[in-house]
Amino acid sequence: MLLFLLRTLNLKRERRLAPERLAQVQHRRLKGLVRRTIQRSAFYREKYQGIDFDRFTLGDLPPTTKGELMANFDRVVTDPAVTRAGLERFMDVPENAGHLFLDRYIVSHTSGSQGQPMLIVQDQKSLELAFRLQMTRGNNEKVGVREGISRLIDPVRLAVVTLKRGFYPSATLFQHMPAAARRYVNVLWLSQTDPDLNRRLNDFRPQVLTGYAGVLEMLALESEAGRLRLKPELRQVVNNSEALTDRAKARIQSAFGLHVMNNYATGECIFLSNGCSTNAGAHINADWAICEVVDEEYRPVPAGTPGQKVLITNLANGVQPFIRYEVGDVVTMADTPCQCGSRLPRVARIEGRAADVFWVGEGTRRRRMINLVFAHAIEYLRDVREWQAIQWDRQRVVVRLEPLPGAVLDLSRARQAIDRELTTYNFQDVEVDFEVAPQLSADPETGKFRRMISLVENQANKAVPPHRPTIGQGMIGTAIGSRRPNRPTSANSGTR
Ligand SMILES: [Zn+2]
């Protein structure tokens with residue numbers, strides 16, 4: 001108990017470490033991870049052949065991809081008792097959510113909106129680390145011994161609003177909350193579809209509110225309508241695992257009068273960063289994780305410039321090592337020190353999560369179309385509550401717009417705005433149409449709202465197939481209903 005508190009407070013201090021000292025801590029942990037990994041993982045032993053383990057640098061280690069780690073799953077993990085087949089059987093039983101796999105591991109899978117889901121195994125220690133980081137660095141107030149002890153008497157009231165329990169990384173975090181953390185935090189877990197949501201939140205009076213950006217935005221509208229009354233007790237709002245648009249951020253901030261802390265993480269490294277308390281973006285927990293912003297050829301991209309993808313290393317997960325693991329997110333690191341006092345590197349912008357990208361054809365190549373092309377256009381339309389872009393054909397996107405209650409949308413303004421963005425980003429060959437949708441809702445399975453849905457094979461670097469004839473506007477409504485976006489119905493259906 002006391003150990004938990006002391007370890008937790010230590011993390012608060014480490015965020016002020018000088019960069020050189022931080023790099024030492026990071027490299028020491030990396031060396032330890034690599035040493036233990038090559039002893040027990042046949043996959044990494046082969047992959048790292050020829051590397052001098054006494055004097056290697058991070059860049060000497062070849063990157064890894066999801067396809068490769070999934071194809072070699074049983075040879076990647078360092079515990080022979082963990083097998084892909086065993087894991088798939090376990091996750092096929094919904095009642096197993098919230099239970100430990102082999103009595104010791106927390107398991108989850110990514111959502112499949114980026115193709116094949118990744119199966120993830122971690123031990124309780126890494127989950128405890130995620131909590132400790134959230135309690136210290138992901139927190140906009142001082143946490144000292146006095147605050148720690150006062151929270152034992154009066155725990156923080158944290159409301160988590162997500163859809164449901166399941167094997168999603170962010171859900172497992174709260175399902176497996178360490179006992180020690182429970183002493184400091186009183187959690188109310190609510191479903192965003194709960195008809196009594198407003199009343200239950202009003203009664204609970206949360207001090208911290210955590211949810212997906214789409215849910216937080218919905219609650220902001222409820223607050224503005226006077227149905228949700230969380231002020232003045234609410235002092236922190238945290239967005240988890242869904243891209244936060246500028247519009248949603250502005251709406252949430254004005255409704256609650258609070259800065260939205262925007263965590264950036266992946267299922268493969270749930271404690272990758274914590275949202276900054278003062279600025280946009282998030283600080284990488286660089287003592288426990290490494291986030292390299294790179295270009296298409298894995299060359300480092302300097303701070304201030306957007307990369308093409310990131311390589312993520314999780315320094316705490318020894319059972320399923322993720323070392324220089326490729327994620328297709330477009331990330332820009334900040335190139336100036338942060339005013340919040342943290343010296344940890346800060347992600348300034350996340351311009352496109354891999355799931356928020358369409359690959360369109362341009363000549364013989366494929367080009368990434370990030371969600372900002374649409375987001376910027378829609379920012380001009382004040383009457384839009386939510387939007388969703390569907391890549392219906394390689395070169396054809398339909399943007400569905402949900403108006404604010406009582407508003408009437410002017411689609412000709414939408415047309416002008418998108419034409420301007422298509423010109424700015426130089427997309428000459430992509431056709432974008434608009435459609436008014438009475439209500440856009442979250443994916444019923446994950447509870448996460450998907451702003452970008454591709455109905456075509458959505459990857460880079462593939463030969464571009466010949467253009468199919470364009471489908472008429474009138475068919476889109478029915479077609480969207482009958483043709484489901486590519487996502488798994490269970491943990492493993494996408495991989496069979
Ligand atoms: Zn900061």
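Start at 1 and go down the list; that is how both ligands and their atoms are numbered.
Classification of the His109-Phe167 ring pair by plane angle, with boundaries at 30° and 60°, yields tilted.
Figure legend: cation-pi geometry between Arg29 and Trp288, with NZ or CZ positioned under 6.0 Å from the six-membered ring centre and within 45° of its axis. In this structure, Arg35 forms no cation-pi arrangement with Phe53, as its terminal cationic atom is not both closer than 6.0 Å to the ring centre and no more than 45° off the ring axis. At least one cation-pi condition fails for Lys66 and Phe322: the charged atom is not both under 6.0 angstrom from the six-membered ring centre and inside a 45 degree cone around its axis.
With Asp203 as the partner, the side chain to side chain donor-acceptor pair (under 3.5 Å) test is satisfied by one option alone out of Arg205, Arg200, Arg199: Arg199.
Note on the Zn ion (ligand 1): protein N/O/S atoms under 2.8 Å are Cys276 SG, His283 NE2, Cys338 SG, Cys340 SG.
Checked against the 6.0 Å centroid criterion, the rings of Phe131 and His176 do not qualify as a close aromatic pair.
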